[in-house]
Amino acid sequence: MSVLVRPSVLPAQLWAITMSTRATLVTMRDPDEGLDVDGLIVTGSRRDRVAEPFRPVVEAAIEEVQMRGDDCSLYIYGSVATGVAKPGTSDVDLLTIGVPTSDAAAMSTRLSVEFAGVCRAVEVATAYSPDYERDDDESYGNRVFLRHYCVHLVGPDVGSPLPSYPGDTLAARSFNGDLARHAQQWRESLTHGDDPLLGRKLARKVLLAVAGLVSRHDRCWTTDRATAAQRWAQIDTSTAPGLRTLQRWADGNGDPTADDVRQALDGIVATILSSFERSIGLWP
């Protein structure tokens with residue numbers, strides 16, 4: 001049995017704080033996420049935790065992928081995989097390996113319409129085998145995510161041969177070491193003014209990086225944005241106002257303007273990026 005290691009300085013109730021996944025949708029964090037006694041990542045992602053209302057969605061997705069050949073794989077992750085999703089409001093998050101992006105997009109649209117009464121949307125991400133095979137931070141992060149957060153549904157199981165991974169600096173860097181690249185892309189998007197959801201995307205990515213900072217500082221492991229934002233505001237009190245702003249944006253509260261986003265980039269984002277680079281490191 002795994003024993004979760006969580007920072008003793010956090011009051012227990014913080015680990016039950018709810019967080020937003022999309023817009024105003026609020027779901028509980030994975031209560032089983034953490035580290036075992038050996039420092040390896042554990043999560044609550046399991047197939048038997050898919051609640052009954054979501055099972056028809058999963059079965060329909062399996063049929064869709066099976067029609068595309070025996071070499072295509074399907075996984076489920078997120079709140080449905082951990083059993084904390086709310087019928088009617090939560091998204092069903094799926095990952096395909098080997099399915100063309102256009103097919104995955106069409107699959108997402110069809111299933112979202114068919115199961116509109118069951119879930120908010122069916123999101124289908126795409127990947128290919130080489131995404132897990134390279135010797136770089138990005139592929140390492142893909143392997144960690146597949147092994148610990150994704151539940152195999154059908155097709156070749158790329159994740160089962162993978163070992164359990166430690167929740168360490170390398171894992172934190174592999175998840176969010178691309179933060180500087182994203183910051184540059186966000187600045188370019190501001191110039192073009194072509195992304196009305198830029199503020200929310202920025203907030204969610206930066207808060208995930210904050211979770212990496214908290215994990216390293218407290219020698220724990222979490223990817224929960226809300227918990228991490230509150231904890232890092234305790235560790236570095238100067239970041240508290242900026243983190244509260246990002247949490248509002250991540251929760252879909254407020255409508256950040258281009259000036260708001262630009263101020264965040266020059267302020268809280270730059271601060272978190274500097275801390276992340278100094279204590280965890282960025283991708284080459």
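The analysis underlying the following values was restricted to heavy atoms, covering all of them including side chains, and did not include hydrogens, waters or symmetry mates. What you see is a predicted model, and the numbers here were worked out from it, not measured in a lab.
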Any non-hydrogen side-chain atom of [X] less than 4.5 Å from a side-chain atom of [Y]?
X	Y	value
Leu170	Asp137	yes
Ser274	Phe276	no
Asp32	Val42	no
Leu273	Leu282	yes
Tyr140	Arg173	no

Is it true that [Y] and [X] share a donor-acceptor pair across their side chains at a distance under 3.5 Å?
X	Y	result
Asp260	Thr257	yes
Asp251	Gln247	yes
Arg49	Thr82	no

Kindly say whether [Y] contributes a backbone atom to a donor-acceptor pair with the side chain of [X] at under 3.5 angstrom?
X	Y	result
Arg225	Arg204	yes
Asp30	Thr43	no
Arg187	Ala183	no
Arg216	Ala172	no
His152	Val154	yes
Arg147	Leu162	yes
Ser73	Pro156	yes
Ser108	Val122	yes

Ignoring hydrogens, what is the shortest heavy-atom contact between [X] and [Y]? Give both atom names and the distance.
X	Y	answer
Ala228	Ala211	CB-CA, 3.4 Å
Ala250	Leu207	CB-CD1, 4.0 Å
Leu40	Pro166	CD2-N, 3.7 Å
Val118	Pro53	CG1-O, 3.1 Å
Arg181	Pro284	NH2-O, 2.8 Å
Trp221	Glu33	NE1-OE2, 3.8 Å

**OP:** Go through Lys205 and Asp178 one step at a time and tell me if the side chain to side chain contact (heavy atoms under 4.5 Å, CB included) criterion holds.
**Re:** CA-CA 10 Å; Lys205 176 64 176 178; Asp178 58 345; 2.8 Å; yes
Tell me whether [X] shares a hydrophobic cluster with [Y], the cluster being built from Ile, Leu, Val, Met, Phe, Trp, Tyr side chains joined at under 4.5 Å.
X	Y	answer
Leu95	Phe175	yes
Ile268	Leu265	yes
Val80	Tyr77	no
Leu94	Phe115	yes
Val158	Val144	yes

Original post:
Checking side chain to side chain donor-acceptor pair (under 3.5 Å) for the pair Ser139/Asp136: CA distance, chi angles, key distance, verdict?
Top reply: CA-CA 6 Å; Ser139 286; Asp136 57 23; 3.3 Å; yes
Subject >> Atom CG of Asp135: over 12 foreign heavy atoms under 6.0 Å >> reply: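 Not buried by this count: 12 neighbours or fewer within 6.0 Å.
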Interatomic distance, [X] atom [atom1] to [Y] atom [atom2] [nearest 0.5 angstrom]:
X	Y	atom1	atom2	answer
Asp255	Trp249	CG	CH2	10.5 Å
Thr222	Leu213	OG1	CG	12.0 Å
Thr96	Leu153	OG1	CG	11.5 Å
Arg143	Asp131	CZ	CG	11.0 Å
Ile272	Asn176	CD1	CG	11.5 Å
Thr223	Arg29	OG1	CZ	7.5 Å

Give a yes or no on whether a salt bridge exists between [X] and [Y], defined as a side-chain N under 4.0 angstrom from a carboxylate O.
X	Y	result
Arg200	Asp195	no
Arg68	Glu64	yes
Asp259	Arg262	yes

Subject >> Check against side chain to side chain contact (heavy atoms under 4.5 Å, CB included), Phe54 and Ile76 >> reply: CA-CA 11 Å; Phe54 298 105; Ile76 189 168; over 6 Å; no
**OP:** Could you label the plane-to-plane angle of the Tyr149 and Phe145 rings as parallel, tilted or perpendicular, counting under 30° as parallel and over 60° as perpendicular?
**Re:** parallel
Original post:
Does the side chain to side chain contact (heavy atoms under 4.5 Å, CB included) test come out yes or no for Glu123 and Asp93, once each step is laid out?
Top reply: CA-CA 5 Å; Glu123 302 288 352; Asp93 295 307; 3.7 Å; yes
